[in-house]
Amino acid sequence: MLRFNALTESQRRQPIAVAENGKRSELFAVNVFNEAAMRQAMTREAFESVMNAIRYGEKIDRRVADQVAAAMRDWAISKGATHYTHWFQPLTGGTAEKHDAFFEPVSRDRAIERFGGGQLVQQESDASSFPNGGIRNTFEARGYTAWDPTSPPFVYGTTLCIPTIFISYTGEALDNKTPLLKALTAIDTAATEVARYFDKNVNKVTATLGWEQEYFLVDKTLAYSRPDLMIAGRTLLGHQAAKGQQLDDHYFGSIPERVLSYMRDLEHECLLLGIPLKTRHNEVAPHQFEFAPIFEETNLAVDQNALLMDVMRKVADRHSFVVLFHEKPFAGVNGSGKHNNWSLATDTGINLLAPSRTPIKNLQFLTFFICTIKAVCQYEPLLRASVASATNDYRLGANEAPPAIVSVFIGEQLTKVLDALEVASEELSQEEKTDLKLNVVGKIPDLFLDTTDRNRTSPFAFTGNKFEFRAVGSKANCGRPMMVLNTIVAKQLTNFKKEVDALIAKGMKKEDAIFKVLRSYIKTSKKIRFEGDGYSKQWEDEAAKRGLSNHKTTPEALKENITEKAIALFEEMGVLNRVELMARYEIALEEYVKTVQIESRVLGDIARNHIVPTAVRYQNTLIENVKGLKEIFGESYQEVAAEQLELIRHISEHIKVIHSKTDAMIEARKRANHLPNFEEKAHSYCHEVKPFFDEIRYHCDKLEMMVDDELWTLTKYRELMS
Ligand code: ADP
Ligand code: MG
């Protein structure tokens with residue numbers, strides 16, 4: 001076993017102070033077939049054609065596709081690739097790949113490397129083994145993967161990976177990317193129209209995403225000794241260690257050498273793959289860390305995060321670590337999230353959520369800022385649902401940051417600005433307008449100073465020039481929450497445009513019309529704004545009064561995705577249709593059921609096969625001891641062996657409860673399995689099966705504290721986290 005902070009042999013050879021040049025920019029995106037690589041590898045015609053597909057979604061004709069494919073193949077082979085794959089993100093949340101060799105024999109004695117436009121653009125794939133929520137019937141198991149030219153191909157190991165969407169034979173989306181791309185088109189269209197109120201030169205608006213990935217590292221040997229960690233991704237039992245995070249000595253602490261070595265190796269791989277990792281640090285809990293990149297266009301950022309998670313697992317293995325993406329791997333210390341920093345950028349180089357110093361730009365900022373708040377207010381249950389999963393339930397609504405109630409934090413300065421705007425009279429006088437603008441402008445320097453006392457309990461916080469959605473789970477695919485966020489803001493901007501245009505048509509001046517609509521939004525979206533402590537009981541009560549949703553469990557939260565309001569929204573914005581939403585609902589419930597089911601099985605197994613036998617063994621030792629004492633002390637042994645007798649009794653009591661609760665849990669599982677549909681099953685797993693976890697754990701953890709350490713078969717928290 002390797003101590004957490006001990007270096008492996010090969011790591012030891014790397015000095016702490018590196019003598020060689022630390023410049024890494026030359027490594028950046030070396031293995032990515034990006035614009036620069038394409039320009040070099042392709043004919044002008046092929047290059048322009050791909051660029052038009054990227055910029056304007058234009059179709060690439062078959063002949064050009066062949067040229068693109070040939071260039072891509074030659075480039076990939078020059079990077080050492082022998083295989084290619086359509087790389088996609090099915091609804092399992094992970095990534096999928098099936099490798100095919102370029103190599104193809106053309107006769108008995110000759111072979112070539114073949115890769116044509118056909119193989120690049122579209123491939124048939126068996127959809128039946130991926131979650132499809134009943135969209136596939138047994139007669140039509142075919143699905144298709146289709147090239148997404150907006151995310152560049154890359155060579156990963158010895159394989160050319162081509163990012164693709166994944167759809168059923170009948171055209172329904174079976175992945176996270178397809179609806180995300182549609183939502184990004186919707187926000188582009190809606191935001192561009194609104195941005196043109198302020199600047200006619202705007203032709204495109206891009207949603208940007210900068211994720212922050214939290215994770216735990218555990219020594220591989222130790223992790224392998226814990227079936228719960230290996231199978232369920234989290235510890236289902238284990239008494240808390242004497243020292244956890246209470247001394248606050250881990251956050252931003254000096255990074256352990258062995259971990260730093262892992263990070264450096266990982267960053268190297270990521271740079272080659274074009275993932276612009278920028279920040280690395282210790283997180284709050286022992287053995288918890290974070291990576292964050294420079295933000296990117298959302299579709300690319302989502303792909304890069306999915307890829308990063310895969311790279312992280314592989315590199316961890318090389319360093320004899322196991323990386324844990326579970327939202328709550330250990331009880332009693334912080335869990336992990338994946339903050340999604342989101343903003344909107346124009347093709348004229350403006351961040352629409354950055355306050356600026358010129359009045360007209362600030363009206364633009366206020367427009368996008370207020371429309372986002374209004375969108376969140378209108379559709380908060382959908383945002384909550386977008387991050388719902390069995391694993392994230394251990395974080396949201398379970399006394400962990402952030403709460404299951406979605407609210408928006410904007411800080412003191414902007415609250416004042418919105419308050420001032422709200423009470424301004426119906427038709428603003430020239431003076432008021434100037435005042436207001438100055439007011440906004442006057443706040444700018446403070447805004448940038450205000451970044452230190454951010455409210456960490458808010459699930460959706462404005463942080464200076466972007467919103468930060470913090471409820472996303474560390475294990476999640478960012479595509480889902482980003483699809484929802486961009487859809488609801490697109491919808492809101494569309495409504496805004498309609499309302500403003502209607503006022504202009506009635507003769508109101510554009511600026512007055514914008515102010516008027518914004519003012520009404522400020523009023524009607526007040527309930528979503530909250531600046532206080534998101535963990536407090538008062539907030540829960542207050543939020544209930546305000547009519548905000550507070551879905552603490554996944555089955556409850558997911559139901560919001562299939563309300564008529566939700567279906568109408570997604571259909572209107574062209575993102576998902578009713579069939580797709582129903583299928584996704586079923587898939588998510590099924591995943592929930594299976595996750596809880598697996599946890600329940602693992603827990604039952606460990607309790608019965610590890611905990612109870614170990615406790616019995618120790619109890620036998622005690623019994624032997626008592627027998628011995630009786631021999632020596634005769635009838636007065638009872639007094640001498642009082643503690644042992646007490647322990648023997650306690651052990652029996654705990655064993656008894658563990659047995660009866662495990663039996664009851666298995667019965668509950670059987671009942672749940674017999675229910676006719678996933679909705680009922682999920683409900684039953686949530687409310688009938690899951691409650692046993694804590695009860696069984698409680699007694700197992702008590703035994704851990706009683707039994708001789710030498711006999712205890714499971715690696716303890718104290719070992720896992722030191
Ligand atoms: P923290 O929240 O940990 O204090 P920062 O606020 O400095 O960290 O930044 C966090 C993330 O925000 C980074 O990943 C960064 O790329 C991202 N980010 C910064 N600006 C934008 C933007 N305009 N759009 C999207 N993400 C952004
Ligand atoms: Mg953050």
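The chain is numbered in sequence order, starting from 1. Note that the structure is predicted; figures quoted are calculated from it, not measured. Start at 1 and go down the list; that is how both ligands and their atoms are numbered.
With a 4.0 Å heavy-atom cut-off, ligand 1 is reached by the side chain of E212 but not by its N, CA, C or O. If you look at K278 next to ligand 1, there are no close heavy atoms at all, none under 4.0 Å. Looking at L353 against ligand 1, nothing comes within 4.0 Å, counting heavy atoms.
Heavy-atom distances between H339 and ligand 1 stay at or above 4.0 Å for every pair.
Side-chain contact of Y156 with E97: a donor-acceptor pair under 3.5 Å is absent, judged by distance alone. Judged by distance alone, the side chains of N201 and T348 never bring a donor and an acceptor atom under 3.5 Å apart. Between the side chains of S151 and D303, a donor-acceptor pair is found at a separation under 3.5 Å.
Taking distance alone, with nitrogen or oxygen atoms compared against 3.5 Å, K466 approaches ligand 1 more closely than that limit. The shortest N or O to N or O distance between P293 and ligand 1 is under 3.5 Å. Residue N465 has no nitrogen or oxygen atom sitting less than 3.5 Å from a nitrogen or oxygen atom of ligand 1, judged on distance alone. Polar contact with ligand 1: present for T208 (N/O pair, distance under 3.5 Å). Ligand 1 has no N or O atom lying under 3.5 Å from any N or O atom of L209, backbone or side chain.
Listed by number with element, the atoms of ligand 1 under 4.0 Å from a non-hydrogen atom of N351 are 23 (N).
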